[in-house]
Amino acid sequence: MSKSIHKPGFILGDALDIPTFRVLKQDGTLYKGASEPDLDKDFALKLYDDLVFIRVLDERMVGAQRQGRIPFYLASLGEEAASVGSAAALQSQDMIFAQYREQGALRHRGFTVDQFMDQCFSNERDLGKGRQMPIHYGCKALNYNTISSPLGTQIPQAAGYAYGQKLEGLDAVTICYFGEGAASEGDFHAGLNMAAVLKSPTIFLCRNNGYAISTPSSEQFLGDGVASRGVGYGIATLRVDGNDLLAVYAATQAAREYALEHQAPVLIEAMSYRLGAHSTSDDPTGYRSKEEEAKWAKKDPILRYKHWLTEKGWWNDEEEKALYASHRETILASLKLAEKRPMPKIDEIINDVYDTPTPQLQQQLKQLKAHIRKYPDKYPKTSGRLDA
Amino acid sequence: MSKSIHKPGFILGDALDIPTFRVLKQDGTLYKGASEPDLDKDFALKLYDDLVFIRVLDERMVGAQRQGRIPFYLASLGEEAASVGSAAALQSQDMIFAQYREQGALRHRGFTVDQFMDQCFSNERDLGKGRQMPIHYGCKALNYNTISSPLGTQIPQAAGYAYGQKLEGLDAVTICYFGEGAASEGDFHAGLNMAAVLKSPTIFLCRNNGYAISTPSSEQFLGDGVASRGVGYGIATLRVDGNDLLAVYAATQAAREYALEHQAPVLIEAMSYRLGAHSTSDDPTGYRSKEEEAKWAKKDPILRYKHWLTEKGWWNDEEEKALYASHRETILASLKLAEKRPMPKIDEIINDVYDTPTPQLQQQLKQLKAHIRKYPDKYPKTSGRLDA
Amino acid sequence: MSQMNLLQSINNALDTAMAADDKVVCFGEDVGHFGGVFRATSHLQEKYGRGRCFNTPLTEQGIIGFANGMASQGHKPVAEIQFGDYIFPAFDQIVNETAKFRYRSGNEFNVGGLTIRTPYGGGIRGGHYHSQSPEAYFAHTPGLKIVVPRNPHQAKGLLLASIRDDNPVIFFEPKRLYRASVGDVPEEDYELPIGVAEVVREGKDVTLLAWGAQMEIISEAAVMAEKDGIDCEVIDLRSILPWDIDTVVASTQKTGRLIVSHEAPITNGFGAEIAATVQEQAFLYLEAPIMRVCGIDVPFPLSHETEYMPDATKVYEAIKASVNY
Amino acid sequence: MSQMNLLQSINNALDTAMAADDKVVCFGEDVGHFGGVFRATSHLQEKYGRGRCFNTPLTEQGIIGFANGMASQGHKPVAEIQFGDYIFPAFDQIVNETAKFRYRSGNEFNVGGLTIRTPYGGGIRGGHYHSQSPEAYFAHTPGLKIVVPRNPHQAKGLLLASIRDDNPVIFFEPKRLYRASVGDVPEEDYELPIGVAEVVREGKDVTLLAWGAQMEIISEAAVMAEKDGIDCEVIDLRSILPWDIDTVVASTQKTGRLIVSHEAPITNGFGAEIAATVQEQAFLYLEAPIMRVCGIDVPFPLSHETEYMPDATKVYEAIKASVNY
Ligand SMILES: Cc1ncc(C[n+]2csc(CCOP(=O)(O)OP(=O)(O)O)c2C)c(N)n1
Ligand SMILES: Cc1ncc(C[n+]2csc(CCOP(=O)(O)OP(=O)(O)O)c2C)c(N)n1
Ligand SMILES: [Mg+2]
Ligand SMILES: [Mg+2]
């Protein structure tokens with residue numbers, strides 16, 4: 001029972017002042033009192049490889065969209081450390097539910113350059129069978145649940161997934177990524193509260209990048225960010241500098257341990273900034289200043305991590321150039337192949353609605369094929385391969 | 001910007017320990033350090049009248065449901081002080097959005113015994129035209145928005161209503177009542193966050209009565225109750241003893257002032273206990289102990305308030321008996337009249353779907369009337385009055 | 001065989017499913033210790049533990065979101081929505097997530113294990129929010145299956161089939177019949193087919209089609225019509241999605257007349273889809289327009305419930321109108 | 001008169017409404033300073049202040065809940081849902097609250113001032129979640145009005161009428177036409193009637209019926225059919241709820257043939273209601289079954305969008321099938 005007071009007094013939004021966990025300064029040295037997580041050289045360089053791959057991929061694909069080669073793209077510029085660093089602290093049996101700006105986590109898990117390309121070009125090799133817009137990745141083999149556009153829906157799903165893992169007694173957790181904007185959805189409330197009460201070992205990782213499209217976080221919520229809500233749900237909560245890969249890694253490692261040991265959720269709020277446009281459909285000059293962007297560009301998480309690698313003597317300029325060049329080359333080569341691959345056959349239009357197509361769907365496909373045969377020029381991408 | 005830490009550390013659910021505001025002890029004396037809100041004798045007695053009226057009404061109507069005279073009822077036994085005390089601190093221009101257990105607030109506003117009865121019997125004088133189950137009251141003249149069964153939906157509505165009042169520059173707030181169970185709905189999250197960000201002068205009053213039907217609050221949420229969530233939204237928050245009318249009154253008065261002055265919301269969590277069944281469809285013996293109920297019965301809010309009145313020399317046993325007797329009589333007399341009143345005419349079945357009935361609805365009514373004429377015995381309650 | 005009411009048969013089906021497969025898990029508001037406000041999950045927590053039968057917080061969108069996640073993990077959640085009227089906060093999770101989970105992922109992930117149980121329908125003096133029949137809201141959604149039983153025997157067989165079907169199923173339970181409908185139910189495990197209608201009475205003059213609680217009504221109307229020498233064929237659709245077009249079309253081609261009845265408001269109810277499809281596929285056989293005897297286009301009213309309901313006299317009048325067309 | 005595209009005409013309608021009545025308020029995700037992701041609310045915040053045009057947090061259920069409250073207070077909120085695909089989290093607020101507000105209170109309270117604007121439909125390579133046409137999900141709900149404009153002139157007049165109509169209206173905007181459809185729009189204030197269809201082309205052989213972006217398609221098909229000597233009557237339904245039964249039935253009685261086309265999946269789309277009603281009311285006039293040319297029963301696919309769409313060749317084939325029936 002809570003203690004009593006006898007004069008009415010309000011608790012205000014600043015009652016909690018949640019600190020930010022940081023390890024690395026921008027120059028690659030450690031904060032006083034901070035300690036490095038235990039990363040061996042190979043693994044540390046693999047993470048750098050992931051970061052750079054994603055940065056190059058994003059750049060190339062934004063370009064491809066501008067050239068009209070793909071209909072849409074969405075970059076993670078400036079936020080790479082939050083997804084790579086957190087994914088690195090997990091085990092491969094841990095399930096990932098992403099929002100859409102976590103290509104870093106997927107790359108870390110081993111999604112190949114061809115797999116990225118095949119999805120973005122919706123070709124017949126896309127694991128998602130060309131049914132969703134670019135960047136809606138998913139991969140069962142890598143425990144990466146397919147991305148869905150409606151925001152926040154993955155949050156209670158992740159809680160349920162983790163509950164299922166717990167019922168099976170697995171040594172596994174589920175991580176759920178979402179933006180600070182998505183955290184305003186009702187599903188956020190439902191998911192965090194259910195995870196808390198039902199004790200699901202879920203790591204909720206909010207990427208607070210300051211914006212939801214044009215809406216600054218100051219018009220998204222008051223109070224002390226998303227982290228302060230965790231306390232209200234009785235969830236162990238931690239705020240971390242999202243541009244500090246080492247801090248994100250250490251925080252996620254601690255969260256995973258906590259979640260497994262207590263069979264309970266953890267909330268991490270990773271503070272970062274979306275350096276680029278929201279997506280290729282967006283132009284941020286309409287709603288924020290160049291100065292603000294420049295301020296954050298100085299906090300580039302990839303540079304910060306590179307400085308650390310350099311400090312350790314694990315990295316040099318030559319390797320840097322070679323790495324960028326090699327990723328550029330691989331990505332471009334893969335892109336060119338992916339865009340030539342045909343789209344999925346028309347039969348795929350009715351598959352996977354159900355486990356097996358219903359008679360109605362089979363009938364609809366039959367009629368559709370007959371129609372395509374009549375007007376082959378109208379449907380050039382499928383008409384040539386109706387019976388193949 | 002929040003301060004930095006360099007070791008990962010979690011903030012836990014107990015980081016906030018929100019105290020409970022109390023004025024009156026059960027024996028009617030004041031806690032040390034507490035002061036009485038400024039209630040003159042007449043008003044204090046009017047509040048007692050409201051409390052007793054509701055208790056008698058609830059008792060009588062639960063009985064009426066058992067006798068099969070109405071299909072449903074829902075009592076507020078044990079929680080009367082929370083709704084009467086809060087409503088008493090408001091002004092008549094303040095809008096009320098209730099859940100369904102706030103008959104006390106409605107009575108306080110001046111809803112008559114006949115109006116209660118007409119609604120519960122769904123007769124032709126019911127302001128709601130007999131369309132909703134008993135206890136779904138609403139009254140424009142008294143600024144009491146009609147109750148809706150789906151839980152939590154009134155929460156963002158109240159935020160919007162208050163925003164409208166603010167746009168008009170009115171000296172008015174909106175109060176929104178809901179249970180601690182309803183606070184798990186996504187609409188709670190949406191409503192509180194929107195009210196905070198958009199600065200709606202809304203008083204959110206959560207009646208935490210320990211249960212949502214059979215579900216104890218320990219299976220509804222972890223953390224420190226509903227109050228601790230307010231802080232996360234940046235909303236001024238206060239927890240109050242819901243069985244202490246004077247504390248509820250003072251808290252709501254403070255909340256109203258705060259809301260108007262800051263043009264911002266306030267969250268009050270009123271701690272209480274549902275002494276009776278959830279509704280006439282429920283039997284609590286299936287999920288909680290007699291001991292627990294007995295413990296709370298000792299904290300009866302009406303008795304507590306009566307002890308205070310008695311202490312003040314404003315009340316005595318004779319008046320007590322007379323008051324109960326008079327309410328019993330009025331209520332019974334009104335009940336007998338209400339149940340004899342006819343139900344609304346069949347034309348009302350299509351009114352108010354739109355501002356004026358569409359041609360389709362008029363056609364449907366015409367056909368229905370023709371059918372009733374053919375089978376008058378099948379529709380005894382309307383067939384006699386088709387053309388009246 | 002034992003005599004069971006509809007609730008008991010549902011409870012028995014859940015018990016059977018949980019005993020046979022430890023991936024089956026039941027949850028929802030008040031579902032745990034208390035066994036649900038209608039007691040459909042009575043004793044399941046005692047038998048299978050709090051891990052597999054539990055209360056959730058009061059959030060329908062959360063319940064279905066959580067269930068989607070569990071199903072994608074490989075469990076078979078049976079999520080209860082306390083009243084069909086309260087399924088709408090979960091609409092996004094059902095329509096945008098559940099229904100599209102397999103398709104959007106190219107079958108990398110699916111929530112085929114999910115079953116959503118919810119009581120629906122009027123007749124209990126419940127007014128707007130304890131009476132709705134929301135099946136048509138979901139019938140426009142590829143990826144879902146929708147099943148409605150008419151009696152205890154059907155309920156057990158169809159619920160077991162729904163739980164085991166590798167697609168998400170919404171299972172609407174006619175709550176008016178929970179205690180009112182009693183019948184013989186086999187104690188053993190059995191399934192009835194999803195997507196297959198049942199001709200419950202053969203006839204040659206008019207086809208009557210309904211599902212769930214409305215089956216009682218059209219059967220009563222068939223008896224009334226019989227006295228006039230009209231021989232009705234009575235069909236229980238059983239599944240709304242996918243629905244058994246062939247059986248309904250064949251019957252209509254035979255009788256030349258079709259009357260569909262449901263409690264939900266007529267406009268864009270599932271009767272619309274049936275009429276639209278059958279008029280196309282049985283066009284040359286129709287001797288009268290397909291008629292719909294349904295709720296009128298108003299929120300479900302409390303005091304005029306009797307008048308609102310598509311009762312047997314209304315169906316009977318439609319039968320006569322069809323025959324005399 | 002000025003030349004405007006569909007977006008400009010909507011922006012102009014909002015501007016007109018806000019200037020004329022200070023109870024009109026616009027809000028939604030990114031609607032404020034930025035003017036909406038499609039820029040439909042451009043410059044309104046500048047003109048009318050942050051109090052009357054503002055960003056909301058990212059919560060559709062909250063947006064509509066908040067709007068319901070404001071409307072019941074006497075304001076005229078025009079709430080934007082960024083994409084029709086994201087309207088489902090608000091489904092409960094719309095179907096259980098908005099639609100029933102007046103009825104359930106016996107007209108003590110109403111949300112007649114509410115208008116919900118949302119872009120809908122395919123054709124922008126948007127896949128599952130930026131392409132849906134959800135009108136039918138709402139068409140089963142008494143208490144709502146549903147309006148869909150086909151071009152800039154219609155959009156302004158219908159949107160002004162929707163904002164001023166004393167009933168809640170969902171206004172679906174064909175986003176494929178936002179910039180593609182350009183036409184003359186009067187600068188002054190005007191309204192077009194809700195609930196009234198428009199015969200946009202008279203003909204005697206077959207009636208073609210659609211709404212919104214699909215009007216282009218059926219008009220194109222009518223031109224194709226003309227070359228075969230088939231004379232199509234083309235009707236824009238304009239309002240889905242209430243819908244103009246009389247105009248559609250009269251046309252069908254005249255031509256003897258009706259083809260309805262919409263982008264949404266065929267099963268239980270609004271085409272079903274139209275077919276069901278018209279086969280009943282025009283039964284003796286029909287020379288062929290009413291046909292529906294619609295999306296197939298799958299989630300809206302990205303790479304097969306061209307194949308999925310009920311395009312002009314498909315409508316044209318249906319016209320021939322109807323005439324040759
Ligand atoms: C339910 C829903 N509403 C609206 C949208 C449109 N939308 C896409 S991204 C976005 C902003 C998301 O912001 P945030 O969650 O902060 O993630 P960020 O883009 O910053 O990574 C919006 C409004 C959507 N996808 N889903
Ligand atoms: C959306 C919705 N879901 C479920 C219900 C069924 N229901 C009615 S009351 C209730 C419990 C509410 O508990 P609480 O909010 O704590 O209020 P209390 O009854 O304790 O006053 C439930 C689950 C409902 N009315 N609406
Ligand atoms: Mg963001
Ligand atoms: Mg409660």
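Letters A, B, ... are given to chains in the order of the sequence lines, protein chains preceding strands, and every chain is numbered from 1. Because the structure is predicted, anything quoted here is derived from the model rather than measured.
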Criterion side chain to side chain contact (heavy atoms under 4.5 Å, CB included) on T20(A) and K3(B), from CA distance to verdict:
CA-CA 6 Å; T20(A) 307; K3(B) 60 180 187 297; over 6 Å; no
Turns out that what part of Q253(B) lies under 4.5 Å from chain A's heavy atoms comes down to neither
Residues 213-222 of chain A vs chain B, non-hydrogen distance cutoff under 4.5 Å, contacting residues -> S218(A), E219(A), Q220(A), F221(A), L222(A)
Ranking A255(B), A236(B), A251(B), S228(B) by heavy-atom pairs under 4.5 Å to chain A gives rank one to A236(B)
How far apart are the C-alpha atoms of S35(A) and K7(B), what are their side-chain angles, what is the distance that settles it, and do they pass the side chain to side chain contact (heavy atoms under 4.5 Å, CB included) test?
CA-CA 8 Å; S35(A) 53; K7(B) 303 267 173 234; 3.5 Å; yes
Pair count under 4.5 Å, heavy atoms only, with chain B: among V231(A), T237(A), V266(A), highest is T237(A)
**Prompt:** Hey, does S184(A) have a side-chain heavy atom less than 4.5 Å from the side chain of M194(B)?
**Reply:** no
Applying a strict 4.5 Å limit to non-hydrogen atoms, the region of I235(B) in contact with chain A is backbone
Under 4.5 Å to a heavy atom of chain A? For V226(B) that would be neither
If one checks every heavy atom of A195(A) against chain B at 4.5 Å, the contacting part turns out to be neither
Note: H189(A) and R229(B) closest approach over all heavy atoms is CE1-NH1, 3.6 Å
Ranked by heavy-atom pairs below 4.5 Å to chain B, first place among G186(A), A15(A), G232(A), G225(A) goes to G232(A)
Value for CD1 (I11(A)) from CG (L238(B)), rounded to nearest 0.5 Å, stands at 8.0 Å
Counting heavy-atom pairs under 4.5 angstrom with chain A, the leader among G223(B), G230(B), P19(B) is P19(B)
Note: vs chain A, highest number of non-hydrogen pairs under 4.5 angstrom among L267(B), L30(B), V23(B), I18(B) is I18(B)
In this structure, CG of L12(A) is separated from OH of Y258(B) (nearest 0.5 Å) by 5.0 Å
Applied to residues 230-258 of chain A, the salt bridge (charged side-chain N to carboxylate O under 4.0 Å, His left out) test, sequence neighbours excluded, yields R22(A)-D241(A), D94(A)-R256(A), D224(A)-R239(A), R239(A)-E269(A), D241(A)-R304(A)
